[in-house]
Amino acid sequence: MARAKTCDHPDPVTEPKYRIRALHTDRTITVYQAYSPTIGLPAARDGRFPVEWKRDRMTWIKPSFLWMMYRCGWGSKEGQESVLAVEITREGFEWALRHACLSHYEQGLHTDHATWKHRLRRAPARVQWDPERDLHLQPLPHRSLQLGLTGEAAHLYADEWIVSITDVTPLARRVHAHIRDGELDVARQLLPRERPYPVRDEALAHLYR
C-alpha cells in the first residue's frame, strides 16, 4: 500500500463522469471491502478468506478508498469494522469487467429490458457507477465503479485472483481523525494513490452510456 503518497484528487470540472480510478501496479489492482472482524482479521492474517466467507453469495469490491469509507462509515458500521485492501491480479479484474453486466437497465445501451434482465441473470459480475466521494464523504459529479462478483467470478476472486490482503482499518481511523481535526492536507497525504486505471474505452462500452 502506498499510504504516504499524495492522492491528487480529480478536478470535478475536467474529470470524465465514468472512469476507473485505483491504486494499481503493472500487474495488480487494489480493491476494498469491509467485513466483521471474524472474517476480516483472519483474511488479513492468512492472505485468504476464511471458511466463514461464502463463495456462493455476491461480493462487492470497490477500487475507491473513499467510497469504501462512505459505505462502511470509516469502519464504524456494524459488520464492517474490518476494512481490507485486497490486491488482485489485473488479469482477473479485467476478466470480471469483460463478463460484467450493468446492474440496472439503461435505455439506449441495452436492446430492451428483457434482454438486459436475461444477461444480468447469467452474468458472473455486475457493475454499478456511484458518485465518488470527497474527504467529507460528500458526493462528487463523477462516478466510482463498484464491481459485484457472483458464481464463477466470486470463486475465481477468492481462489485465484488474490495476491495479498491488508487490514487498513488503522489507516481509515487515522485519516478520519485528521479530517475531524480539520487537518485535511494531512488526511489527503495518507490516502492511497489512486490513478486512472488503463483500460480501453471499448472494454467498458457495455457498462455505461
Side-chain angles (χ1 to χ4, degrees), residues 10 15-25 27-35 39 43 48-49 53-72 79-80 83-133 139-163 165 194-209:
E15 181 70 8
K17 183 175 182 180
Y18 299 102
R19 174 187 275 173
I20 300 172
R21 290 165 295 273
L23 177 66
H24 61 270
T25 69
R27 193 172 67 89
T28 66
I29 178 172
T30 297
V31 297
Y32 299 93
Q33 297 192 284
Y35 290 101
I39 292 178
R48 63 180 184 275
F49 288 111
W53 193 87
K54 304 300 183 185
R55 285 167 171 74
D56 296 326
R57 296 177 58 183
M58 177 166 288
T59 188
W60 287 87
I61 58 177
K62 305 160 183 67
S64 167
F65 180 81
L66 285 176
W67 204 96
M68 185 72 257
M69 296 306 99
Y70 166 72
R71 181 68 179 84
C72 71
Q80 300 185 64
V83 185
L84 303 178
V86 185
E87 190 179 18
I88 64 173
T89 65
R90 283 173 53 165
E91 181 181 6
F93 181 72
E94 291 170 20
W95 181 95
L97 290 178
R98 289 195 304 272
H99 291 83
C101 178
L102 196 62
S103 63
H104 67 276
Y105 171 71
E106 186 73 45
Q107 188 175 10
L109 179 64
H110 303 110
T111 305
D112 52 55
H113 192 276
T115 302
W116 162 77
K117 193 71 173 178
H118 176 73
R119 182 176 180 187
L120 184 68
R121 284 196 299 266
R122 296 170 60 89
R126 60 186 59 179
V127 160
Q128 290 182 187
W129 296 94
D130 297 306
E132 180 59 287
R133 301 285 158 166
L140 293 169
H142 49 276
R143 300 277 170 154
S144 179
L145 177 116
Q146 325 300 324
L147 185 59
L149 308 174
T150 189
E152 181 183 8
H155 283 260
L156 290 170
Y157 171 63
D159 299 328
E160 298 185 21
W161 299 346
I162 293 175
V163 175
I165 301 178
E194 295 170 4
R195 299 171 290 128
Y197 184 79
V199 60
R200 297 188 306 274
D201 289 343
E202 55 266 29
L204 299 177
H206 63 298
L207 297 174
Y208 64 82
R209 184 170 177 223

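The residues of the chain are indexed from 1 along the displayed sequence. All values derive from a computational prediction rather than experimental measurement.
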Item checked: Interatomic distance, Glu91 atom CD to Trp161 atom CH2 [nearest 0.5 angstrom] -> 9.5 Å
Check: Rounded to the nearest 0.5 Å, how far apart are CD of Gln80 and CD of Gln33?
Finding: 10.5 Å
Margin query: Counting C-beta onward and ignoring hydrogens, is there a side-chain heavy-atom pair between Trp129 and Leu145 closer than 4.5 Å?
Written below: yes
Check: Hey, what do you get for CD (Gln146) to CZ (Arg126), rounding to the nearest 0.5 Å?
Finding: 14.0 Å
Check: So, does Arg21 use its side chain to make a donor-acceptor pair with the main chain of Ser64 at under 3.5 Å?
Finding: no
Check: Any idea which heavy atoms bring Tyr32 and Pro63 closest together, and the distance?
Finding: CE1-O, 3.6 Å
Note to self: Looking at Thr150 and Pro124, would you say the former's side chain and the latter's main chain have a donor-acceptor pair under 3.5 Å?
What the structure shows: no
Checklist line | Passing candidate, side-chain contact (heavy atoms from CB on, under 4.5 Å) with Ile20, options Leu204, Val127, Leu207 | finding: Leu204
Check: Aromatic rings Tyr157 and Trp53: how do their planes relate, parallel, tilted or perpendicular, breaks at 30° and 60°?
Finding: tilted
Notebook entry, point to check: Is the shortest heavy-atom distance from the side chain of Leu147 to the side chain of Phe93 under 4.5 Å?
Noted result: yes
Check: For the atom pair CG (Leu140) and CG (Leu66), what is the distance rounded to the nearest 0.5 Å?
Finding: 9.0 Å
Item checked: Under 3.5 Å: donor-acceptor pair, side chain of Trp67, backbone of Arg133 -> no
Next item on the list: Tell me, yes or no, whether the heavy-atom count around Arg71 atom CZ, taken from other residues, nucleotides or ligands under 6.0 Å, exceeds 12.
Entry: no
Check: Which distance, rounded to the nearest 0.5 Å, do you find between the OH of Tyr70 and the CE of Met68?
Finding: 11.5 Å
Checklist line | Test side-chain contact (heavy atoms from CB on, under 4.5 Å) applied to Ile29 and Glu94, step by step | finding: CA-CA 10 Å; Ile29 178 172; Glu94 291 170 20; over 6 Å; no
Notebook entry, point to check: Under the 3.5 angstrom rule, does the side chain of Arg90 hit a backbone N or O of Thr25 as a donor-acceptor pair?
Noted result: yes
Notebook entry, point to check: With side chains defined as the heavy atoms from C-beta onward, is the minimum distance between Thr59 and Phe49 less than 4.5 Å?
Noted result: no
Checklist line | Partner of Glu132 by side-chain contact (heavy atoms from CB on, under 4.5 Å), out of Lys17, His142, Glu15 | finding: His142
Check: Is a side-chain donor or acceptor of Glu194 paired with a backbone partner of Phe65 at a separation under 3.5 angstrom?
Finding: yes
Next item on the list: First locate atom CG of Leu149, then atom NE2 of His155, and finally report the distance between them rounded to the nearest 0.5 Å.
Entry: 11.5 Å
